[in-house]
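Treat the numbers as computed from the prediction; the structure is a model and nothing was measured. Naming convention: chains lettered A, B, ... in sequence-line order (proteins, then strands); numbering from 1 in each chain.
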Amino acid sequence: MSGAERYNIHSQLEHLQSKYIGTGHADTTKHEWLTNQHRDTFASILGHPDLINFMAICENETKARIRFNLVEKMLQPCGPPPEKPED
Amino acid sequence: MSGPGPRMTREEIEAHAQELQTKKKATVDVPDSERIGLGESGKFDTDIYGSKNKFEGYYDSIAPNEDVEDDDEVVMPGARPRTNYTAPLSVLNDIPQAEKDHDPFAEHKRPTIMERQSNNEYFKKQPRLVMSPERVDFFADGGKTPDVNARQYSDVMREQQVRMEERELQRRIREKAKDGPLVPVSNGEAVKPAATKKRGRWDQTAPDENVVPTKKKPSWETAEVKRSSCYSWTHRLGCNSRTCGSETPGSGATPATQHIWDPTPAHNMTPGHATPGVESRGGGGGGGASMRRNRWDETPKTERETPGHNSGWAETPKVVREAADIIQETPTPSASKRKSRWDETPAVAMTPQTPATPMTPHTPSMMTPSGVTPVGSKAMAMATPSPSQLLQMTPEQLQAYRWEKEIDERNRPLSDEELDTMFPPGYKVLPPPAGYIPIRTPARKLSATPTPIAGTPQGFFIQTEEKSAKFMDTQPKGGNLPFLKPEDAQYFDKLLIDVDEESLSPEEQKERKIMKLLLKIKNGTPPMRKSALRQITDKAREFGAGPLFNQILPLLMSPTLEDQERHLLVKVIDRVLYKLDDLVRPYVHKILVVIEPLLIDEDYYARVEGREIISNLAKAAGLATMISTMRPDIDNIDEFVRNTTARAFAVVASALGIPSLLPFLKAVCKSKKSWQARHTGIKIVQQISILMGCAILPHLKSLVEIIEHGLVDEQQKVRTITALAIAALAEAATPYGIESFDSVLKPLWKGIRNYRGKGLAAFLKAIGYLIPLMDAEYANYYTREVMLILIREFQSPDEEMKKIVLKVVKQCCATDGVEPQYIKDEILPHFFKHFWNHRMALDKRNYRQLVDTTVEIANKVGASEIINRIVDDLKDENETYRKMVVETIEKIMANLGAADIDSRLEEQLIDGILYAFQEQTNEDIVLLNGFGTIVNQLGKRVKPYLPQICGTILWRLNNKAAKVRQQAADLITKIAAVMKTCQEEKLMGHLGVVLYEYLGEEYPEVLGSILGALKAIVNVIGMTKMTPPIKDLLPRLTPILKNRHEKVQENCIDLVGRIADRGPEYVSAREWMRICFELLELLKAHKKAIRRATVNTFGYIAKAIGPSDVTHVLLANLRVQERQNRVCTTVALAIVAETCSPFTVLPALMNEYRVPELNVQNGVLKSLSFLFEYIGEMAKDYVYAVTPLLEDALMDRDLVHRQTACAAIKHLALGVYGFGCEDALVHLLNYVWPNIFETSPHLVQAFMDSVEGMRVALGPMKILQYALQGLFHPARKVRDVYWKIYNSLYIGGQDALVAGYPRIPNDPKNEYTRYELDYVL
């Protein structure tokens, strides 16, 4: 980015966006992106009681268990990150 | 001589001739001595050449063998006190000045802080503090015992002690001198009447003391006493020399002066002892100084300081003087670490090590007035001003000097080489004739190289071209540095020399690096400054505290510093502090010395900055260091130091919490040793409560306990400050915490009975702040108690006391417990007797306080009670007093209304205010407001008086003075509503007609007020009843719209808009069209309110006469060049469309888009954008209509087309969200999307906005499908922008996106599928 552009509103926008977890940038990897998607999905399910009910019936588990599982899974929903290639 | 006419008769001619002869004889009759002998050179015939010698003012001889003549008054530039110094007279004399003392840019000059503060009396008292050497950090190295030689708390305390003793001794000597036993030794020569001007505190208190026989200011007092430790005085006291020498690096420069009050008089006769060269020439008059110089007293110069303390800035003032000494004597080669190129001339010993020099107003007196005439070398001292002298000039002088130098440079003699190039070959250089001596006229002297003095060891030294030619090279060497200001040179001179950085020692490299960064921060461009600031912050720990502060702090003490520069440097300190953290400990005192004065700066922001720095400093250094550093200053002899220290302590308390400071404060406030310590301690408490406000509440009890004993202190000052501190605590605690003050109530009440004067005032103030905290019963009791004293003090002539008494009365009366009856009976009679007189109106602050107090009393006892007493004063002969009365009545009536004003009082009131209004000589807003408030509060009751009031107004409307007319019109505006309430429509109609008549007013201010009055009348009376009828009024307003004055424009457009809104039918459509054209001009107005009113008026007019004509006018206006005009037109179009439904305007608007002109098309797009913004969901009916147009715009080559179309689409999309227009929107999105890679910031912004609009209208999933294409594109530039869009989608619709993410298959290591989404029942 050129010097003049550095201080304009867009950099502000990007700065603003970068404050939120889950936003990405040009160097976001597939794993990072997907991890966030999974977490968002779990959070969304947790936030919609009907979805929890639905899942509880599907899995034949209690709602609390479903909730607990979802929260637990948030830790590494897609498994460990791939090895970073040396650069 | 006989008459003027020609001589007629012979006798007359004869007589005339006779007369002429006698006359001639008289003139020729000169004494022999004046006759000119044969062969002698004659004189000029005064008859011909005039009585003045032609050569008067010229030198008629040159003195080749003498030293250069001393015609030019020798004034060293630094030889003046700072506030009124000038450039060397020699410089000023030689520069032709068009007009003396006229600086055409004076008003644009940014004043330095020094100039600003110099008006401040208190700041003049500021002692020239010297930053003491760094102190030991006990916490460093894990708390191991520090080096014994390091400067410690005990050393500082000892110095403080010595200073106190010195002060005490002086006092005793002075007393002795007064009483008789000590008779000053006079040697006839040295003694001068003590009437000469003296400075310094004790001089002022005892102006008649005669121990000091010269006009030399006691420099030892201001400067040397401040010096860390070493001064000859201590030597004489037999002070432990370790305290002096060892830890004050550079202190070897013992003051050369022998102290005047030295008890051994033998020294006063020293002249004989001094080197002959130093002997004062004119020893008679001011002779003391040179005699006092006693070089036998001097300790040998220590070799310069330790690296950490190199530049000698901590060391002071006296160096110029030292330098002068050096000139007079054999130059002592000073082992200055800083070697500058000025070093070659002897004068340079004084050079740059002493940035602090310019700050010492007293040194100079040593040089000139004291009669030390530098023998022989004077020419040199003067001829080439050395940098340090130049540095003491003001910027203007420098400018003058530089200019003069440039002229000299241009007129310099041509050099041989130059001549060689100019002449054709064949010329040869002839030797100068034997015995030729070049003339050095005074005018040339300045640029001349210094005349060598006999015996100067260097021999003759020819300055190189560069040095003599220019004053100073202001471009620092090395990459990309900003220019130096000449005043900066002393700090940054090293950068002027181009050196190979590799060859420098690491220390020097570091120093140079810091210097560069500081220069960039101080003088550089904003980006330069920013990066330098970041670098210096990042590397702060690497550089170390010492090198950093050794450079920053002298800069901050520079006398030529400007606010902006100080702000930047303070910022540097702030950042650096944060990084250095505990490394700053040894420098805490130095920093405080520089920063503390900021706490009492006039400038609010400087105070805030100062607080911030000290607070950060406290956090970095820790409480223990702060206390041990500042403790010695608490009983400093200087009030200034104590004051600033108290404030600094308050800041420390707010930074580290009050509880941590409490034990220390307790100890200080109980100090038995000095009352100063107690005073400062209590002052700290006061400052804490002022600074922290109600945050003191949790500690209120302990704070009060700490200071309560101060009320019974034997020192009056301590008692006073204690009372003030209690007042501050009570003020901060209001309305809580009275129980904490229980213990002080008794001493306070005893105090007000026992004390008088200043002490009493402080006690009263404390009580005044305490009473509001009490509950009603106590407040009542205590008010009665204190009121006796207050009433007694009512008659005090002391202004300060009056203010405090008024304030306390106000506070007492405001409390619940005080009965109105009591106030009426006990207070009011005395109050009015002593305060309501002419004298109180004279002083602004008294005036204000009296008004406030009276209003407060009125709140208690009722309006009529007070107004009854002062209403007659409305007719007082004193205008200021009348004004005060009016203001009081206005405030009372605004608070309490007119309910309890009876008819008699009402009559008096109107009568009085009319009188006051008519009698005013300078039209004041106070009277206008007062009149307005009274009339409005009386409401209907004012009806009988309205004719009279209107008569007055009418009469004044006709007045010659513009101000009177304006005020009359303003008054109409204020009372129009009341006139309506009184149903005086006829009267208003009459006023309207009169105002209408006055629309020809010339003065725009008055015209504006008249329009405002008309507007007020139209507003209350309505369009139908208005006289003159609207149809006559409006055409009269049309030409006024052309007026360029803002006030006129604003009032006029408001009035026109009002008419267009309420009564457009009274005016023909033609007239409205004419107004439309005039309105276009108003769109150019600077004031937003005017433009807004204009645009709204377009809407009203369009509604009145139908949109087509107005639209036509507006569309035509899109062709104008001026941008603001076009923008306003588009807004007006949008408003017209909104008020008259879009379909009336849209066809014409879209048709206009076909005009092949950039501005017009953009204007159309912009009005569409505004239009969609205003009409919101109405747009659903027009989406399909405008789509082709927007399509076209989005395919245009012009960026602005696309940008504006994007903006329009954003508003459109947001408007039609949920109305089933998705098809059109997707279509438009496909045209918007290709702009994704545009780089123009405005277009990028517009694009992002329209995508956001689409996200709302189409849902984030749709946009996600577009965005997915580029998230993992191989090109980073593509990814960048796509991620940006993804991010805004994500932030806008995180939850909604969950269902829209693409399916990603698992890979061997990771599980990417979201199986939860696949559940089906």
Side-chain angles (χ1 to χ4, degrees), chain A residues 1-48 51-60 66 69-70 73 76-83, chain B residues 526-527 530-531 1239-1245 1247-1249 1252 1264 1267-1268 1270-1321:
Chain A
M1 214 184 276
S2 72
E5 216 180 317
R6 215 176 329 161
Y7 304 110
N8 61 24
I9 182 147
H10 308 300
S11 68
Q12 284 176 29
L13 178 66
E14 269 168 72
H15 179 69
L16 212 63
Q17 290 177 342
S18 68
K19 282 187 184 170
Y20 294 89
I21 300 168
T23 54
H25 48 86
D27 294 323
T28 304
T29 62
K30 177 183 170 187
H31 180 267
E32 286 163 0
W33 187 45
L34 265 302
T35 305
N36 281 325
Q37 284 182 17
H38 279 250
R39 286 182 184 146
D40 287 344
T41 309
F42 299 153
S44 175
I45 295 171
L46 285 168
H48 295 105
L51 282 179
I52 299 241
N53 290 343
F54 181 74
M55 271 188 72
I57 298 172
C58 286
E59 293 189 13
N60 196 21
I66 297 289
N69 285 345
L70 286 178
K73 270 210 272 183
Q76 274 196 337
C78 305
E83 304 290 312
Chain B
K530 205 164 178 175
S531 78
T1239 49
S1240 144
H1242 288 103
L1243 181 48
V1244 173
Q1245 179 76 41
F1247 169 77
M1248 291 300 291
D1249 283 351
E1252 284 283 278
L1264 180 69
L1268 285 177
L1271 285 184
F1272 293 94
H1273 194 275
R1276 164 176 295 270
K1277 284 214 160 161
V1278 176
R1279 292 204 304 272
D1280 267 329
V1281 57
Y1282 271 88
W1283 273 107
K1284 206 158 84 184
I1285 293 170
Y1286 171 81
N1287 286 343
S1288 64
L1289 275 184
Y1290 181 85
I1291 291 168
Q1294 189 184 1
D1295 194 48
L1297 283 178
V1298 164
Y1301 289 124
R1303 263 174 189 280
I1304 312 280
N1306 296 339
D1307 64 15
K1309 275 193 71 184
N1310 296 102
E1311 188 179 76
Y1312 288 137
T1313 315
R1314 292 176 296 163
Y1315 295 108
E1316 288 82 359
L1317 298 187
D1318 293 336
Y1319 286 159
V1320 180
L1321 267 184

- Query: Counting only heavy atoms not in A:Asn60, do more than 12 sit closer than 6.0 Å to its CG atom?
  - Reply: no

- Note on the structure: Sorted by chain and residue number, the side chain to side chain donor-acceptor pair (under 3.5 Å) partners of A:Lys73 (sequence neighbours excluded) come out as B:Glu1316

- Message: Restricting to side chain to side chain donor-acceptor pair (under 3.5 Å), what partner residues turn up for A:Tyr20, sequence neighbours left out?
- Response: none

- Note on the structure: Heaviest contributor of heavy-atom pairs below 4.5 Å to chain B, chosen from A:Ile57, A:Asp27, A:Thr35, is A:Asp27

- Item | Spacing of CD belonging to A:Gln37 relative to OH belonging to B:Tyr1312, to within rounding of 0.5 Å | 10.5 Å

- Task: Working to the nearest 0.5 Å, report the span between NE2 of A:His25 and CG of B:Leu1271.
- Result: 12.5 Å

Contact leader toward chain A among [options], where contacts are heavy-atom pairs under 4.5 Å:
options                                    : answer
B:Val1281, B:Asp1280, B:Leu1321            : B:Leu1321
B:Lys1309, B:Arg1314, B:Lys1277, B:Arg1279 : B:Arg1314
B:Asp1295, B:Leu1317, B:Asp1307            : B:Asp1295

Region of [X] that comes under 4.5 Å of a non-hydrogen atom in chain B:
X       : value
A:Ile66 : neither
A:His48 : side chain
A:Ile45 : side chain
A:Gln76 : neither

- Query: Using the ring of each side chain (for Trp, its six-membered ring), is B:Phe1272 parallel, tilted or perpendicular to A:Trp33, with breaks at 30° and 60°?
  - Reply: tilted

- Item | Heavy-atom contact with chain A under 4.5 Å, split by part of B:Leu1297 | neither

- Task: Name the region of B:Ser1288, side chain, backbone, both or neither, that has any atom closer than 4.5 Å to a heavy atom of chain A.
- Result: both

- Query: Does the side chain of B:Tyr1290 pick up a donor-acceptor pair with the side chain of A:Asn36 at under 3.5 Å?
  - Reply: no

